[in-house]
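One structure, pasted below without further comment.
The residues of the chain are indexed from 1 along the displayed sequence. Source: prediction; values computed, not measured.
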Amino acid sequence: MAFLNFITEGIYNFRWYAGDMSRQKCEIVLRTENKEGTFVVRNSSTKGMFTLSLFTKNPHPQVKHYHIRTNAKMEYYLSEKHIFSNIQDLIYYHKHNSGGLATRLKQPPSSQTRTAPTTAGLSHDKWEIDPSELTLLEELGSGQFGVVRKGKWRGSTDVAVKLMKEGTMSEDDFIDEAKVMTKLQHPNLVQLYGVCSKHRPIFIVTEYMKHGSLLNYLRKCEARLCQKPAVLLDMCIQVCSGMAYLELYNYIHRDLAARNCLVGEGNVVKVADFGLARYVIDDEYTSSGGTKFPIKWAPPEVLGYTRFSSKSDVWAYGVLMWEVFTCGKMPYGRATNAEVVEQVQRGQRLERPRACPREVYVIMRSCWEKHPEDRPSFRSLNQQLEKILEEKD
């Protein structure tokens, strides 16, 4: 690990190093730039390794991904004919010689690849937003906490505004937590801008996602998406990437499902509403005996003892994967909550969706191990799924 840190520090200051940028985000950045030879180096799904991602228009616009390999001497290469002691030298060489690449490396994207999301820091690192700076527009939907409306911040930035229904949450506790949540920043988490807490109802102001909930998007685009398992897998990977970040900070979602993820431009998927379930006052939502409790996404330890952890989120993530590969079907069909509890405790699990590759279903099933300690971490899931996606290219 120390060696990896040394290598990463060596390349960190180069504009072409994109860190943990996801494959999906990388492709969006490079395609948006739309210039021959634009490239980044990013951390690979294989721990300690790196991937070179390169945009070319030959024979048609595409992003090519190359593993940067190492030999026994810890030297770096893309082709064994050209070996280098560090990644900087490898990049320098391929800027002047294509050396087997689709085109020679020319420049990193002009957009910053490792800055905070464009939605971060709206309130200049303050979590309290002045409501006079918000213009409320059309209703986007309503849910557990109240109505969600599209809005404009200072007349120019699109935002989503949750108007929290009074009496639905522990408001003071949530407002304290909001200070922490505004600092959580990842390309696959819906950015919390801040809150308007000086009046009632409280407003929660977040990043606006054009296509709404992942669940509705899957159902609306079923005909197109269910023919593209690689796109569905990429959506799962994006959710997993956001959850791996939350896991790193010991942050538990508690209500991970397709309905609580949002979709933006270019099939970008982000996890929303992380941590909010802790502040719900409704007994039917917080107790596994309640009719509103998301039983079909809950593992045995939550159903039996209400024990939440990152590993209970992993179980829910497996169900979310199933939702994605069925394009928004209801888990367990028309089975009642009581029937689902009985099935889960008996060891029965959801069957493989038709659009789901068998090797992906094996990973999905690993999320549903009876004992939490037997389930993989989100980091491990992310690496396994990215490896499958890269092999499919």
- Message: Given K329, which partner from the list E323, E222, E351 fulfils the salt bridge (Lys or Arg N to Asp or Glu O under 4.0 Å) test?
- Response: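 Of E323, E222, E351, salt bridge (Lys or Arg N to Asp or Glu O under 4.0 Å) with K329 is met by E222 alone.
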- Does E207 reach the side chain of L189, with side-chain heavy atoms less than 4.5 Å apart?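 In short, these two side chains do not touch, never coming nearer than 4.5 Å.
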- Can you pull the side chain to side chain donor-acceptor pair (under 3.5 Å) pairs that have at least one residue in residues 310-320, sequence neighbours excluded?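 For residues 310-320, and leaving out neighbouring residues, there are no side chain to side chain donor-acceptor pair (under 3.5 Å) pairs at all.
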- Query: Less than 4.5 Å apart, any side-chain heavy atom of L163 and any of F203?
  - Reply: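 Yes; the side chains approach each other to less than 4.5 Å.
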- Hey, any chance V319 and L381 share a hydrophobic cluster, counting ILVMFWY side chains that come within less than 4.5 Å of each other, even indirectly?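 Same cluster: V319 reaches L381 through Ile, Leu, Val, Met, Phe, Trp or Tyr contacts under 4.5 Å.
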- Task: Run through L90, I83, D89, N86 and flag the one making a side-chain contact (heavy atoms from CB on, under 4.5 Å) with E75.
- Result: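 Between E75 and the candidates, side-chain contact (heavy atoms from CB on, under 4.5 Å) is satisfied uniquely by I83.
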- Do the side chains of L78 and H67 get nearer than 4.5 Å, heavy atoms only?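 Side-chain contact under 4.5 Å: no.
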- Cationic N near anionic O, under 4.0 Å, E33 to K106: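 A salt bridge is absent here (no side-chain N lies under 4.0 Å from a carboxylate O).
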- Query: Heavy atoms, side chains only, cut-off 4.5 Å: are N97 and H82 in contact?
  - Reply: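 No. Closest side-chain heavy atoms not under 4.5 Å.
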- Task: Check whether any side-chain N or O of R42 sits under 3.5 Å from a backbone N or O of C26 as a donor-acceptor pair, and report yes or no.
- Result: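 Not confirmed, R42 side chain does not pair with C26 backbone.
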- Could you tell me which non-hydrogen atom of A335 sits nearest to which non-hydrogen atom of V340, and how far apart they are?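 Of all heavy-atom pairs spanning A335 and V340, the closest is CB-CG2, 4.0 Å.
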- Message: For a 4.5 angstrom cut-off between non-hydrogen side-chain atoms, does D273 reach K162?
- Response: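 When only atoms from C-beta onward are counted, K162 and D273 do touch, with a gap below 4.5 Å.
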- With the threshold set at 4.0 Å, does a side-chain nitrogen-carboxylate oxygen contact exist between E359 and K387?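 Salt bridge: no.
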- Measure the shortest side-chain to side-chain distance between F50 and Y17 over non-hydrogen atoms and say whether it is less than 4.5 angstrom.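 Answer yes - side chains close enough.
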- Which is it for M364 and R352 under the side chain to side chain contact (heavy atoms under 4.5 Å, CB included) test, yes or no, and what are the steps along the way? CA-CA 9 Å; M364 193 187 296; R352 180 175 72 88; over 6 Å; no
- Message: I'd like to know whether M235 forms a side chain to side chain contact (heavy atoms under 4.5 Å, CB included) with Y217, so could you lay out the CA-CA distance, the side-chain angles of the two residues, the decisive distance to 0.1 Å, and finally the verdict.
- Response: CA-CA 12 Å; M235 288 177 157; Y217 185 73; 3.6 Å; yes
- Would you call L246 and F378 a side-chain contact if the rule is heavy atoms closer than 4.5 Å?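 No; the side chains remain at least 4.5 Å from each other.
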- Query: Do the rings of H186 and Y245 sit parallel, tilted or perpendicular, given the 30° and 60° boundaries?
  - Reply: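 H186 vs Y245 ring planes: tilted.
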- Donor-acceptor pair, N188 side chain versus V271 backbone, under 3.5 Å?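 Between the backbone of V271 and the side chain of N188 there is no qualifying donor-acceptor contact (under 3.5 Å).
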- Item | Step-by-step side chain to side chain contact (heavy atoms under 4.5 Å, CB included) determination, L214 to V324 | CA-CA 8 Å; L214 174 59; V324 169; 4.1 Å; yes
- More than 12 heavy atoms from other groups under 6.0 Å of CD on E138: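 Yes.
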- Message: Between I237 and L389, does the side chain to side chain contact (heavy atoms under 4.5 Å, CB included) criterion hold? Intermediate values first, please.
- Response: CA-CA 9 Å; I237 289 170; L389 187 60; 3.8 Å; yes
- Message: Is there a path of hydrophobic side-chain contacts, each under 4.5 Å between heavy atoms of I/L/V/M/F/W/Y residues, joining L137 to V161?
- Response: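 Shared cluster, no.
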- So, does R154 use its side chain to make a donor-acceptor pair with the main chain of E133 at under 3.5 Å?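 A pair under 3.5 Å: no.
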- Query: Take atom CZ in R358; do more than 12 heavy atoms of anything else shown fall under 6.0 Å from it?
  - Reply: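 At most 12 heavy atoms, drawn from other residues, nucleotides or ligands, come within 6.0 Å of this atom.
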- Looking only at heavy atoms, which two atoms of A102 and L54 are closest? And how far apart?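 Looking at all heavy atoms of both residues, the shortest contact is N-CD2, 4.3 Å.
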- Query: If you take all heavy atoms of M209 and V268, which pair is closest and at what distance?
  - Reply: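 Smallest heavy-atom distance, with atoms named: CE-O, 3.9 Å.
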- What is the ring orientation for F84 with H94, classed by angle as parallel under 30°, tilted 30 to 60°, or perpendicular over 60°?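 F84 vs H94 ring planes: perpendicular.
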- Might you point out which heavy atoms bring L52 and F39 nearest each other, and give the distance in Å?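 Closest pair (atom of L52, atom of F39, distance): CD1-CD1, 3.7 Å.
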- Query: Going through the checks in order, is the salt bridge (charged side-chain N to carboxylate O under 4.0 Å, His left out) test met by E301 and R375?
  - Reply: CA-CA 13 Å; E301 72 274 13; R375 295 172 210 148; 2.8 Å; yes
- Query: T56 and E36: side-chain donor and acceptor closer than 3.5 Å?
  - Reply: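 Yes, because at least one side-chain N or O of T56 sits under 3.5 Å from a partner of the opposite role on E36.
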- Indicate the atoms forming the closest heavy-atom contact of Y76 with I87, along with that distance.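 Scanning both residues, the minimum pair turns out to be CD2-CG1, 3.7 Å.
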- Message: Can you tell me if R354 has over 12 outside heavy atoms packed within less than 6.0 Å of its CZ?
- Response: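 Atom CZ in R354 is not packed in, count stays at 12 or less.
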- K152 vs L134 side-chain heavy atoms within contact, under 4.5 Å: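 When only atoms from C-beta onward are counted, L134 and K152 do not touch, as no gap falls below 4.5 Å.
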- Message: To check you understand the geometry: which heavy-atom pair defines the closest contact between T103 and S98, and what is its length?
- Response: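 That would be C-CB, 3.9 Å.
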